[in-house]
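Notes to accompany the following structure.
All figures in this text were calculated on a predicted structure; none of them were measured in a lab.
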Amino acid sequence: MRALPSAFYARQTVAVARELLGHLLVSTVGGARCSVRIVETEAYVGPRDPASHAHRWHRSERNEVMYGRPGLLYVYFTYGMHWCANIVTEREGFPAAVLLRAAEPVEGVEVMRRRRGGVRTEEIASGPAKLAQALGITGALNGHPVTRPPLVVRAGVPVSPRRRGSSGRVGVRAGARLRLRFFELGSRHVSGPRASGRP
DNA sequence: CTTGAGATGTTT
DNA sequence: AACATCTCAAGA
């Protein structure tokens, strides 16, 4: 299965966010095997990041997993109806994570399309809550290691540095000028309206 | 293509 | 009151 080792996540959050592009997420939630290729991430770099759930070492029941081991899933519920999935980074005790923002469907496309209400392939996982819904990720997976089923990050072909773009994070006011969003240039599967826009 | 509003519940 | 979002309807 060649899961990425948990040591991959025990590094600087920005490096993990960049280097996750091109790797695969394999979900066997509910029995069907669905996989996607990661094309967009965001870094949430711990206590000094004003947009982080763990800003100024804030610690609560919700973000407790951010303080745990690197490689754990941090899944949270937002806007009253959406789940979003992160992977915890850096060292245990230091709250940081990478938000999985968008991915390209690879395997189990029709299962994912059904979970997403029959949308076009480009819209199956083009946003953090869409990605979570497509893969069947809910709060039940909070704290689960991504080195083991039912949700595994498998080694793919990394996106080369010259095909990576960066920008400010989406939907974030505090720390808006920080370029902590990373994506594959030219991908039709990244979040937001961009079919004809600039990457 | 773009904009704007509503859904819906947790956190501060 | 804000929120690491999404969908739909309407307008240009």
Side-chain angles (χ1 to χ4, degrees), chain A residues 9 13-14 16-18 20-21 25 36 38-68 70 72-90 94-105 112-143 146 151 165-183 186-199:
Chain A
Y9 309 103
T13 305
V14 167
V16 176
R18 282 197 190 105
L20 270 175
L21 299 178
L25 273 167
V36 297
I38 299 169
V39 299
E40 182 180 340
T41 60
E42 277 178 1
Y44 286 86
V45 196
R48 66 151 187 252
D49 179 351
S52 168
H53 288 170
H55 182 44
R56 290 156 57 201
W57 296 96
H58 177 254
R59 189 167 185 162
S60 65
E61 201 169 299
R62 175 172 76 154
N63 73 352
E64 179 65 29
V65 173
M66 290 186 79
Y67 288 81
L72 296 183
L73 273 175
Y74 167 44
V75 183
Y76 67 90
F77 189 63
T78 191
Y79 289 104
M81 58 185 87
H82 300 303
W83 296 102
C84 294
N86 300 251
I87 302 176
V88 173
T89 56
E90 313 232 5
F94 185 86
V98 171
L99 174 66
L100 301 171
R101 276 200 67 87
E104 174 181 342
M112 293 190 286
R113 191 194 312 282
R114 187 158 65 243
R115 286 180 179 142
R116 290 276 303 115
V119 298
R120 296 181 310 155
T121 301
E122 299 77 33
E123 288 157 5
I124 286 178
S126 57
K130 298 176 185 177
L131 183 154
Q133 187 180 26
L135 295 176
I137 297 171
T138 68
L141 285 184
N142 190 38
V146 292
L151 190 74
S166 68
S167 75
R169 292 171 292 185
V170 177
V172 166
R173 297 178 58 111
R177 61 175 229 288
L178 302 170
R179 297 178 75 87
L180 294 176
R181 169 176 176 251
F182 305 100
F183 53 95
S187 172
R188 298 189 310 272
H189 303 269
V190 299
S191 65
R194 70 200 56 262
S196 70
R198 65 162 282 283

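- Rounded to whole Å, atom P of C:dA4 lies 11 Å from atom CG of A:Asn86.
- Contact check on A:Arg59 versus A:Glu64 returns a salt bridge, with a Lys/Arg side-chain nitrogen under 4.0 Å from an Asp/Glu carboxylate oxygen.
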- After noting the C-alpha distance and the side-chain angles of A:Arg181 and A:Glu40, does the key distance pass the salt bridge (Lys or Arg N to Asp or Glu O under 4.0 Å) rule? CA-CA 7 Å; A:Arg181 169 176 176 251; A:Glu40 182 180 340; 2.8 Å; yes
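- Taking the centre and axis of the six-membered ring of A:Phe183, the NZ or CZ atom of A:Arg101 falls outside the cone set by 45° and 6.0 Å.
- Side-chain nitrogen and oxygen atoms of A:His82 include none within less than 4.0 Å of the OP1 or OP2 phosphate oxygen of B:dT8.
- If you measure from atom NE2 of A:His53 to atom P of C:dC3, you get 10 Å, rounded to the nearest angstrom.
- Taking atom CE of residue A:Met81 and atom C1' of nucleotide C:dC8, one finds them 13 Å apart after rounding to whole Å.
- For the pair A:Arg169 and A:Tyr44, the cation sits on the ring face: its NZ or CZ lies under 6.0 Å from the ring centre, inside 45° of the axis.
- Once the 5.5 Å centre distance and the 30° plane angle are applied, the aromatic ring of A:Phe77 is found not to be stacked with the base of B:dG9.
- Here C:dA4 sits opposite no nucleotide as a Watson-Crick or G-U wobble pair (both hydrogen-bonding atom distances under 3.5 Å).
- Atom CZ in A:Arg62 sits about 12 Å away from atom C1' in B:dG9, given to the nearest Å.
- The residue A:Ala129 sits close only to the backbone: its heavy atoms come under 4.0 Å of sugar-phosphate atoms, none of a base.
- As rounded to whole Å, 15 Å separates atom P of C:dT5 from atom CD1 of A:Ile137.
- Distance, A:Lys130 NZ to C:dC8 P: 10 Å, rounded to whole Å.
- Taking atom CD of A:Glu122 as the reference point, atom C1' of B:dC1 lies 16 Å away to the nearest angstrom.
- Atom pair A:Arg59:CZ and B:dT12:C1' shows a separation of 19 Å (rounding to whole Å applied).
- For A:His58 and B:dT12, the shortest distance from a side-chain N or O to OP1 or OP2 is below 4.0 Å.
- Distances shown here put every side-chain N or O of A:Arg116 at or beyond 4.0 Å from the OP1 or OP2 atom of C:dC6.
- At least one donor-acceptor pair under 3.5 Å links the side chain of A:Thr41 to the backbone N or O of A:Ala17.
- For C:dA4, the base has a donor-acceptor partner in the side chain of A:Tyr76 [N/O atoms by modelled type, under 3.5 angstrom].
- Remark: B:dT8 base-pairs with no nucleotide in the shown strands. Criterion, Watson-Crick or G-U wobble with two distances under 3.5 Å.
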